[in-house]
J.: 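Next up is a structure, given as structure tokens.
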Amino acid sequence: MPSLLRANPYQTIRNIEPGPALLSVRNEDFSATTYKEGTTTLNYSRCRFIQLTIENIEDIEFGTIHMAFFNCIIDGLVIEKIKSKNLTLSFFSCVVNARISGENLLDITFNNCVTTSGVFINGAQKVNIKYTNENFNEGEWKSMFIQYYFNNTEIKDVIESIQRYSIDKTTEIICSSNFETEKLPWDLKVILSISYDSEIHDRLTFITDIPLQSLSLRGSSNGKILVDNTKIDEWYISDFEPKGEVAFYDIEPVGGASKKIGIHSSNLDHVKFDRVIFESYNAISFFRTRFSKAIFTSCDFPDNYNAFSRFMNLPNVHYAEQRPKNYEKRQYEMFLQLKKALEETGNVYEAQKLHAISHEALKNIQGLHSWDKAILWINSFSNDHGLSIKRAIKGFFMFSIPIYSMYLWSIGRLFTSNPLDWNLIGYYFSFVDITHRNDFLAAKDELNGWSAFFDWTGKIVVGFFIYQFIAAFRKYGRK
């Protein structure tokens with residue numbers, strides 16, 4: 001049987017011995033107490049609970065009841081019954097594992113806490129997860145472990161565990177840090193999973209200045225979602241259809257081995273991505289997702305098709321080898337959506353890049369007519385689908401010089417025993433003038449079928465590369 005704890009307002013309870021306990025918050029515990037605004041109501045310090053159950057089955061006629069735990073270890077916290085709407089919970093520098101279900105809870109705060117098996121919250125008005133210089137005393141924090149953990153191995157297992165927070169149906173969520181993480185006495189590995197419900201009128205989700213090993217967003221949100229200046233290694237968005245403002249600012253990986261973005265079955269139209277470093281992620285999947293009207297500004301994308309191979313259209317970003325039958329076509333459509341989104345924001349540079357990438361993907365689609373594939377291959381080679389002036393210039397000289405040499409051979413001016421006429425170098429520039437006359441270098445009676453063929457071929461090839469050069473040169477003038 002768990003030991004029964006009484007709520008003792010405005011007293012600090014210290015050093016409760018390990019064991020299961022039940023804290024029942026009742027009206028009678030506050031009937032003879034005068035409310036003190038701005039003061040923590042129930043205080044627990046340096047306590048150890050193997051199992052702690054908190055329940056409230058009646059409305060409390062009192063001001064805000066603030067329950068706070070300082071430097072406590074709570075192996076299992078269970079909250080399932082909260083009726084009164086004036087209760088808040090705070091944990092400061094604690095080790096806490098919890099399953100909390102209470103839509104009437106005003107506020108749940110975790111400040112500089114560690115969880116070994118996770119914190120799961122279903123229904124609360126506000127959840128605040130923060131790592132701050134304030135309210136943190138490293139000496140007291142370490143002494144808590146010395147008191148309850150008896151060897152370094154156990155301490156190490158606790159402080160290096162993954163901090164898993166799963167939050168559902170909560171009106172307001174704040175996750176932040178002002179701590180220099182390298183000065184924390186533990187490795188900060190936070191996994192944050194948030195689910196929204198269209199029937200819950202959530203107001204705000206704000207995540208800032210905190211390194212996350214993983215961030216998951218799911219469901220239909222009504223309020224504002226802002227993720228700002230946050231490093232995220234694994235980023236998952238699924239079945240996500242926001243109705244309010246959603247913006248991601250200054251996002252890049254923390255630097256772990258696994259750096260992935262999986263966005264599946266979602267509607268990201270009008271979601272804003274500002275300075276998201278997509279180029280730094282190993283794998284990115286947009287699967288059955290609308291994002292052609294998303295706003296991408298100052299985002300870094302890869303520079304070529306091979307680098308864009310990390311962008312995939314897969315049902316599961318963890319299994320890149322399991323590709324659907326129409327994978328190439330999905331890739332093409334994904335790049336078109338990215339291109340359209342970038343065009344909407346006036347990002348001509350990145351949009352032109354995606355234009356070329358989408359054509360490279362189109363070239364790989366099975367069933368595409370061979371003539372279309374040939375055209376795409378030629379455009380890729382000649383000017384990278386309108387992006388590369390360098391390729392057009394290289395192609396111009398690479399083809400025109402051999403054709404001019406063969407033209408000279410056909411009229412007996414090259415590859416003969418006669419000394420080389422250095423004036424032929426100057427005549428090259430007449431040859432590449434596509435308006436030149438057939439007899440610009442030799443009389444008409446000296447010409448033959450081969451000379452006519454090489455002269456005609458030269459005009460076609462030179463004209464083609466001049467056009468490709470102009471097309472690439474005008475890439476920023478396109479509407």
Side-chain angles (χ1 to χ4, degrees), residues 1-115 119-130 134-135 137 140-141 144 147-148 165 167 170-172:
M1 292 289 295
S3 59
L4 299 179
L5 301 179
R6 285 198 59 183
N8 296 303
Y10 307 117
Q11 297 182 27
T12 299
I13 308 301
R14 302 180 184 274
N15 302 317
I16 293 179
E17 292 299 320
L22 170 63
L23 173 60
S24 181
V25 183
R26 302 168 298 177
N27 242 321
E28 63 185 64
D29 296 322
F30 300 89
S31 58
T33 304
T34 302
Y35 176 67
K36 299 178 182 179
E37 187 174 357
T39 303
T40 304
T41 314
L42 304 176
N43 296 276
Y44 296 87
S45 177
R46 300 183 70 85
C47 298
R48 172 75 185 273
F49 299 97
I50 292 177
Q51 177 85 17
L52 174 62
T53 302
I54 299 176
E55 68 175 17
N56 160 242
I57 58 175
E58 58 185 356
D59 287 323
I60 308 297
E61 297 177 1
F62 201 68
T64 301
I65 300 173
H66 184 190
M67 293 180 279
F69 296 82
F70 300 88
N71 298 103
C72 294
I73 295 179
I74 308 174
D75 294 320
L77 171 65
V78 177
I79 300 177
E80 295 179 345
K81 300 175 183 178
I82 298 294
K83 184 176 182 180
S84 192
K85 297 182 179 181
N86 58 346
L87 274 67
T88 71
L89 278 171
S90 294
F91 302 88
F92 300 95
S93 302
C94 293
V95 177
V96 55
N97 304 303
R99 292 189 176 273
I100 301 172
S101 179
E103 61 182 16
N104 291 329
L105 280 170
L106 284 178
D107 185 288
I108 306 173
T109 296
F110 299 91
N111 187 194
N112 299 329
C113 290
V114 172
T115 175
V119 172
F120 301 87
I121 301 172
N122 188 343
Q125 297 301 306
K126 182 178 180 180
V127 173
N128 195 340
I129 302 167
K130 56 185 179 179
E134 300 82 18
N135 303 319
N137 184 306
E140 289 187 7
W141 197 88
M144 172 181 64
Q147 180 176 357
Y148 293 115
Y165 291 88
I167 305 170
T170 297
T171 306
E172 184 174 330

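This one's a predicted model, so the numbers in the text were calculated from it and none came from an experiment.
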J.: Give, for atom CG of Asn111 and atom CD1 of Ile129, the distance between the pair rounded to the nearest 0.5 Å.
T.: 11.5 Å
J.: Rounded to the nearest 0.5 Å, what's the gap from OG1 on Thr88 to NE2 on His66? Could you check?
T.: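 The distance works out to 4.0 Å.
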J.: Contact between Leu87 and Asn104 at the side-chain level, heavy atoms closer than 4.5 Å - yes or no?
T.: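 Side chain of Leu87 against side chain of Asn104, heavy atoms only: no contact under 4.5 Å found.
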J.: Do you know the tightest heavy-atom contact between Ala7 and Phe30?
T.: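 Closest approach of Ala7 to Phe30: CB-CZ, 4.3 Å.
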J.: Just wondering, do Leu5 and Phe49 contact through their side chains at under 4.5 Å, heavy atoms?
T.: yes
J.: At their closest point, which heavy atom of Asn86 faces which heavy atom of Gly63, and how far apart are they?
T.: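 Scanning both residues, the minimum pair turns out to be ND2-O, 3.0 Å.
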J.: Looking at CD of Glu55 and NZ of Lys81, how far apart are the two atoms once the value is rounded to the nearest 0.5 Å?
T.: 6.0 Å
J.: So do Thr115 and Phe91 actually touch side chain to side chain, heavy atoms under 4.5 Å?
T.: no
J.: Side chains of Arg26 and Arg6, heavy atoms from C-beta outward: is any pair under 4.5 Å?
T.: yes
J.: Would you call Leu89 and Ile79 a side-chain contact if the rule is heavy atoms closer than 4.5 Å?
T.: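 When only atoms from C-beta onward are counted, Ile79 and Leu89 do touch, with a gap below 4.5 Å.
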J.: Which heavy atom of Thr41 sits nearest a heavy atom of Ile65, and at what distance?
T.: OG1-CA, 3.6 Å
J.: To the nearest 0.5 angstrom, please state how far the CD atom of Glu103 sits from the CG atom of Asn122.
T.: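 Between atom CD of Glu103 and atom CG of Asn122 there are 9.0 Å.
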J.: Can a donor-acceptor pair be found, under 3.5 Å and without considering hydrogens, that links the side chain of Ser90 to the backbone of Phe69?
T.: no
J.: For Thr40 versus Ala68, what's the shortest heavy-atom pair and its separation?
T.: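 For Thr40 versus Ala68, the nearest heavy atoms are CG2-CB, 3.5 Å.
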J.: State whether the side chain of Asn27 and the backbone N or O of Glu61 hold a donor-acceptor pair below 3.5 Å, judged by distance alone.
T.: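 Flag set: sc Asn27 to bb Glu61 pair under 3.5 Å.
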J.: In the structure I gave you, are the side-chain heavy atoms of Cys113 and Tyr165 within less than 4.5 Å of one another anywhere?
T.: yes
J.: Roughly how far apart are Ile60 CD1 and Asp29 CG, rounded to 0.5 Å?
T.: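 Spacing of CD1 (Ile60) from CG (Asp29) equals 7.5 Å.
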J.: Answer yes or no: is there a donor N or O on one side and an acceptor on the other, between the side chain of Asn112 and the main chain of Phe92, under 3.5 Å?
T.: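 Not a single qualifying donor-acceptor pair exists.
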J.: So, Gln51 side chain and Leu77 main chain: donor-acceptor pair closer than 3.5 Å or not?
T.: no
J.: So which heavy atom on Ser84 is nearest to which on Asn56, and how close?
T.: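 Closest approach of Ser84 to Asn56, heavy atoms only: N-OD1, 2.6 Å.
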J.: Tell me if the CD atom of Glu80 is crowded by more than 12 foreign heavy atoms within 6.0 Å.
T.: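 Incorrect, the count does not exceed 12.
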J.: Report yes or no: do Asp107 and Thr109 form a side-chain donor-acceptor pair below 3.5 Å?
T.: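 Side-chain D/A pair, Asp107 to Thr109: present.
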J.: Is there a donor-acceptor pair under 3.5 Å between the side chain of Thr33 and the backbone N or O of Pro9?
T.: no
J.: Does some side-chain heavy atom of Tyr10 sit less than 4.5 Å from a side-chain heavy atom of Thr39?
T.: yes
J.: Measuring from Leu42:CG to Ile13:CD1, what's the distance to the nearest 0.5 Å?
T.: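 Here the rounded value is 8.5 Å.
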J.: Looking only at heavy atoms, what is the nearest atom pair of Gln125 and Thr171, with distance?
T.: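 Gln125 and Thr171 have their closest heavy atoms at O-CB, 3.1 Å.
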J.: If you define the side chain from C-beta out and look only at heavy atoms, does anything of Asp59 sit under 4.5 Å from Lys83?
T.: yes
